[in-house]
Amino acid sequence: MNNQDLEKKSSEIRKKVIEMMVRANQGHPGSVFSMVEIAAFLYYGHATGLNKPVSKQERDKLIISKGHATHVVYPILEDLGYIPKGSCDQFGTEKHNLGPLRMFGNIKINGVDATTGSLGHGIGIGSGYALADKLDGKKHFTYVVISEGEMYEGSIWEAALFSAHHHLNNLVVILDRNRNMILGDTESCVRLEPVDQKWESFGWNVLSINGHDFNDLSDAFARSRNSQKPTCIIANTTKGKGNKVMENAPEWHYWHSNRVQELLKG
Amino acid sequence: MSQRDVIIEKIFAKACKDPNIVFLSVDFGAPALDQFREKLPSQFIHVGISEQNAIDLAAGLAMAGKKVFVYGMAPFISLRCLEQIKMSLAQMSLPVVILSVGVGLGYADSGPTHYATEDLGALRSIINLDIYTVSNSDQASSIATFLLDQVHAKPIFIRLDREATKTRPQHLNNENLLDGFVKISHKNDQNLVIASGYSLALAEQALEFNEGKFSLIDWFRIKSFPENLVGEIEKYNKVLFIDEQTAYSSNFGLLLAEINRLNPQLLKQIEFAEINLGERYFYENGGRKYLHSTVDFTSDKILKFFDGKA
């Protein structure tokens with residue numbers, strides 16, 4: 001899929017996600033919107049096995065460790081046939097519980113490769129997948145999207161140490177660096193910078209890109225496939241990207257039911 | 001042979017034939033582990049002192065089709081990674097087996113940071129997690145064989161004593177293993193002691209010169225709760241439960257709750273009591289027996305209960 005088509009897909013994903021959240025009257029739209037291009041590229045633009053709804057043993061894996069943003073993959077999973085057509089439209093209706101989708105992703109949803117929601121687990125679980133593929137001689141990759149606030153969890157760094165030591169070069173972490181947590185900027189909370197040097201010091205291959213630019217994403221993922229180390233792609237993004245009301249507004253980490261009309265105009 | 005060595009040897013024997021068995025150690029050794037590391041290096045992973053990562057890693061390996069065992073020290077492989085056990089194993093129903101060594105006051109002189117006397121209360125609260133407390137090496141062997149031959153649909157937490165506890169020879173049959181408890185002695189039809197783990201040794205000591213003073217059951221599968229145990233309890237008038245846990249972590253509450261669920265009138269018909277470690281941390285040195293003596297966690301106290309002197 002070329003960049004123009006990927007842009008179009010990204011718009012469709014954003015539209016679908018907002019529709020779902022409006023019906024459910026809840027969600028984490030800012031966090032979802034910052035990683036739309038990342039998700040679109042992984043499924044439609046990158047040479048991964050994610051674009052076919054086969055069993056996880058036969059394909060790459062994707063873990064949305066920032067589980068509050070799992071929504072981003074739901075329109076994609078429906079489009080690719082992982083989940084039944086109509087699943088997204090059922091979300092937030094009175095038939096919601098008859099369908100597979102939930103606010104946070106879990107492994108009962110076909111195509112979701114780990115139950116997430118509690119932060120800090122994804123890289124550990126992903127390294128388990130990656131290690132198993134190495135042991136079995138499989139060429140699959142495991143992708144894990146983390147948020148920057150998640151880097152405060154110690155379990156992230158335990159997994160980072162382990163993955164580098166075991167040369168899990170089939171593990172790619174994408175850090176969705178939108179510089180906003182619930183209470184604002186990460187650097188005002190507990191300083192994370194220099195993020196790139198931290199990951200490098202743990203033995204990772206580190207790339208820093210514009211997380212909304214498909215050329216950057218293409219280049220980064222291509223380089224990750226040739227690395228001898230696990231890769232951390234620092235994707236610099238904008239929280240709420242694609243909606244003028246939400247962009248860089250930390251309060252849109254959560255849904256605001258009294259501001260929906262304003263949001264829809266954005 | 002210690003409980004852990006018995007179990008690890010069984011796992012090793014199976015792993016020699018099954019390359020999908022993977023053993024993760026949280027920087028914890030054992031004599032039986034040496035051959036595992038030497039002969040099956042690709043199936044042994046030294047994770048380092050990182051309990052949380054060990055469990056998440058186990059989850060990923062299990063979802064990729066591996067049969068995973070995680071091995072660590074009891075106070076740490078329980079509470080330090082409780083969230084991971086809950087979320088990455090129990091909520092995803094992954095059949096990972098956790099071997100937790102040194103329960104109770106097994107590491108007596110290491111001080112309270114090394115005790116697993118509050119772990120059961122926390123672990124028990126996680127649904128979709130089976131828990132075993134093993135009382136001797138014979139039992140360890142039977143449970144290991146049973147679990148290795150079964151296909152599981154949930155994580156299993158196995159609590160092992162650090163010592164090679166001295167109890168009567170015990171060979172569990174299939175019925176015992178499915179039941180989750182075993183009758184050790186049934187020479188008294190009024191009085192019953194239910195013990196788990198190390199406590200079984202204390203109860204057997206009490207019986208040594210007082211055979212027939214009480215009947216004795218070893219409750220080794222704490223969860224899933226063995227419902228047939230209630231059917232055994234209803235035969236008695238006085239039931240004493242003994243558990244090497246602090247007052248609020250003891251399984252006594254679970255036992256009574258399950259009796260209330262399955263046959264509530266027993267709570268009025270039977271006199272129940274328990275012996276536990278009370279509500280304190282132990283900072284003294286002097287070994288496990290000494291620490292037990294400071295809170296009267298002793299075989300004498302068992303006898304006193306049935307003599308009406310407790």
Side-chain angles (χ1 to χ4, degrees), chain A residues 55-63 65 67 102 104-109 112-138 140-144 146 150 153-166 168 170-171 202, chain B residues 15 18-27 40-70 72 76-77 79-96 98 126-128 153-155:
Chain A
S55 79
K56 53 167 83 81
Q57 271 72 29
E58 298 171 72
R59 57 168 172 81
D60 290 355
K61 268 70 72 180
L62 170 63
I63 297 171
S65 188
R102 297 292 178 264
F104 287 76
N106 66 69
I107 55 170
K108 291 182 181 165
I109 303 169
V112 172
D113 292 329
T115 298
T116 55
S118 172
L119 298 174
H121 297 267
I123 303 180
I125 297 172
S127 60
Y129 273 132
L131 181 63
D133 282 337
K134 288 266 186 201
L135 291 172
D136 294 341
K138 293 180 179 173
H140 302 310
F141 273 72
T142 298
Y143 302 94
V144 182
I146 65 170
E150 211 171 337
E153 294 283 2
S155 50
I156 290 269
W157 301 103
E158 290 182 9
L161 278 170
F162 180 89
S163 304
H165 176 83
H166 287 276
L168 298 182
N170 56 345
L171 177 65
F202 273 65
Chain B
D18 185 352
N20 278 322
I21 288 180
V22 179
F23 194 98
L24 311 184
S25 168
V26 186
D27 195 32
L40 300 173
S42 64
Q43 290 172 251
F44 174 85
I45 299 165
H46 181 196
V47 182
I49 310 172
S50 52
E51 290 82 4
Q52 295 181 36
N53 187 49
I55 300 297
D56 279 339
L57 181 71
L61 286 164
M63 284 197 284
K66 300 298 178 190
K67 297 165 195 171
V68 189
F69 295 83
V70 182
F76 312 129
I77 200 64
L79 299 185
R80 287 195 79 120
C81 51
L82 199 64
E83 160 75 357
Q84 280 76 9
I85 293 172
K86 179 192 82 171
M87 211 206 83
S88 297
L89 300 185
Q91 287 182 6
M92 293 206 274
S93 295
L94 295 175
V96 170
I98 301 170
I126 298 178
I127 58 177
N128 208 34
K154 58 168 87 168

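The basis for the numbers below is simple: all heavy atoms, side chains too, and nothing from hydrogens, waters or symmetry mates. Sequence lines set the chain letters: A, B, ... in the order given, protein chains first and strands last, and positions in each chain run from 1.
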(request) Of all the heavy-atom pairs spanning B:Gly65 and A:Gln57, show the shortest one and how long it is. (result) N-NE2, 4.1 Å

(request) Counting only heavy atoms closer than 4.5 Å, note whether A:Thr116 contacts chain B via side chain, backbone, both or neither. (result) backbone

(message) Given heavy-atom pairs under 4.5 angstrom as the criterion, report whether the side chain, backbone, both or neither of B:Ile45 touches chain A.
(response) side chain

(request) Find the one option among B:Gln43, B:Lys66, B:Glu51 whose heavy-atom pairs under 4.5 Å with chain A are most numerous. (result) B:Lys66

(message) Between B:Asn53 and A:Ser155, does the side chain to side chain contact (heavy atoms under 4.5 Å, CB included) criterion hold? Intermediate values first, please.
(response) CA-CA 6 Å; B:Asn53 187 49; A:Ser155 50; 6.0 Å; no

(message) What's the separation between atom CE in B:Met92 and atom CD1 in A:Ile107, rounded to the nearest 0.5 Å?
(response) 5.5 Å

(message) Is A:His166 close to chain B through its backbone or its side chain, or both, or neither, when contacts mean heavy atoms under 4.5 Å?
(response) side chain

(request) Taking all heavy atoms of B:Ser42 and all of A:Leu135, pick out the closest pair and write down the distance. (result) O-CD2, 3.6 Å

(message) What part of A:Asp113 gets within 4.5 angstrom of chain B, counting heavy atoms only: side chain, backbone, both, or neither?
(response) backbone

(request) Counting only heavy atoms closer than 4.5 Å, note whether B:Glu83 contacts chain A via side chain, backbone, both or neither. (result) both

(message) For chain B, which candidate among A:Asp133, A:Leu161, A:Leu131, A:Thr142 shows the most heavy-atom pairs at distances under 4.5 Å?
(response) A:Leu131

(request) Please indicate whether B:His46 has more than 12 foreign heavy atoms, meaning atoms of other residues, nucleotides or ligands, lying under 6.0 Å from its NE2. (result) yes

(request) State the CG-CZ distance between B:Leu24 and A:Phe162, to the nearest 0.5 angstrom. (result) 7.0 Å

(request) Could you tell me the separation between the CD atom of B:Gln84 and the CD atom of A:Glu158, rounded to the nearest 0.5 Å? (result) 8.0 Å

(request) Inspect the surroundings of CZ in A:Arg59 and state if more than 12 heavy atoms from other residues, nucleotides or ligands are less than 6.0 Å away. (result) yes

(message) Nearest 0.5 angstrom please: B:Met87 CE to A:Leu119 CG, how far?
(response) 9.0 Å

(request) Hey, could you give me the CD1/CG distance between A:Ile125 and B:Leu94, rounded to the nearest 0.5 Å? (result) 8.5 Å

